[in-house]
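First comes the structure, then the notes that go with it.
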Amino acid sequence: MSRMINIGYGNVVNADKILAVVRPEAAPIKRMVAVAKDHETYVDATCGRKCKSVIVSEEGRIVLSALLPETIAGRVNGKLPAEREELTTEEP
């Protein structure tokens, strides 16, 4: 059964199909998004807001999200970023 995660503003994706969640500022990522727009293999899930992360799926599709990559990664892992830090910190 597929596990769906919220990527912001009521939009969800299948967490089992995510290959990468990256920031959109790097030139290679911008080119990848431009190619996906040309081939219509992208979904803009920003709801008119600034794109803060690009989700790459197994099928080569691109999903644009207004959430930070850290937030999406936390949701995929089932915990918030702050909780991950607490779990990895060792107590003396």
Side-chain angles (χ1 to χ4, degrees):
M1 187 165 144
S2 62
R3 189 169 52 105
M4 305 298 278
I5 60 159
N6 186 330
I7 59 165
Y9 307 103
N11 301 301
V12 295
V13 295
N14 185 349
D16 300 329
K17 301 285 183 176
I18 294 175
L19 285 180
V21 182
V22 294
R23 293 186 181 268
E25 292 88 14
I29 303 303
K30 288 180 182 179
R31 283 192 298 271
M32 185 173 57
V33 170
V35 168
K37 286 182 179 180
D38 290 342
H39 291 93
E40 297 180 2
T41 58
Y42 83 106
V43 176
D44 186 349
T46 61
C47 294
R49 290 159 179 90
K50 181 181 176 184
C51 178
K52 294 183 182 175
S53 64
V54 177
I55 302 167
V56 182
S57 73
E58 286 180 352
E59 295 86 20
R61 299 202 184 274
I62 305 294
V63 181
L64 308 179
S65 174
L67 295 181
L68 291 171
E70 294 84 5
T71 304
I72 295 171
R75 291 178 181 185
V76 168
N77 293 329
K79 49 191 153 258
L80 298 174
E83 291 175 346
R84 272 199 325 260
E85 291 174 11
E86 291 175 5
L87 293 174
T88 59
T89 305
E90 292 183 19
E91 300 261 342

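These numbers come from the heavy atoms of this one structure, side chains and all, not from hydrogens, waters or symmetry mates. We count residues from 1, following the sequence as given.
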Nearest 0.5 angstrom please: [X] [atom1] to [Y] [atom2], how far?
X   : Y   : atom1 : atom2 : answer
I5  : I18 : CD1   : CD1   : 4.0 Å
N6  : I72 : CG    : CD1   : 9.5 Å
L19 : S57 : CG    : OG    : 6.5 Å

Worksheet item: side-chain contact (heavy atoms from CB on, under 4.5 Å) with V12: which of R75, R3, M4?
Response: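 Option passing the side-chain contact (heavy atoms from CB on, under 4.5 Å) with V12: M4.
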Practice prompt. Examine I55 and I29 and state if one hydrophobic cluster contains both, with Ile, Leu, Val, Met, Phe, Trp and Tyr joined whenever side-chain heavy atoms are less than 4.5 Å apart.
Written response: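 Not linked; separate clusters.
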Discussion item. Hydrophobic clusters here meaning ILVMFWY residues chained together by side-chain heavy-atom distances under 4.5 Å, can you tell me if V13 and V56 are in one?
Written reply: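 As far as the 4.5 Å side-chain criterion goes, V56 and V13 are not connected within one cluster.
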Discussion item. Under a 3.5 Å distance rule, please check whether S53 uses its side chain to pair with a backbone N or O of L67 as donor and acceptor.
Written reply: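 Present.
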Discussion item. Closer than 3.5 angstrom, by distance alone: can the side chain of N11 be matched with the main-chain N or O of I7 as a donor-acceptor pair?
Written reply: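 Absent.
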Worksheet item: What's the shortest heavy-atom distance between A36 and I62, and which atoms?
Response: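 Minimum heavy-atom contact is CB-CG1, 3.6 Å.
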Worksheet item: Do R61 and V43 touch side chain to side chain, with heavy atoms closer than 4.5 Å?
Response: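 Of all side-chain heavy-atom pairs linking V43 with R61, none is under 4.5 Å.
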Fill in: Side chain proximity check, V33 to Y42, heavy atoms < 4.5 angstrom
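When only atoms from C-beta onward are counted, Y42 and V33 do not touch, as no gap falls below 4.5 Å.
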Discussion item. Applying side-chain hydrogen bond (donor to acceptor under 3.5 Å, both in side chains) as the test, list every pair that has at least one member in residues 13-40; sequence neighbours left out.
Written reply: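 Listed once each, the pairs are R23-E70.
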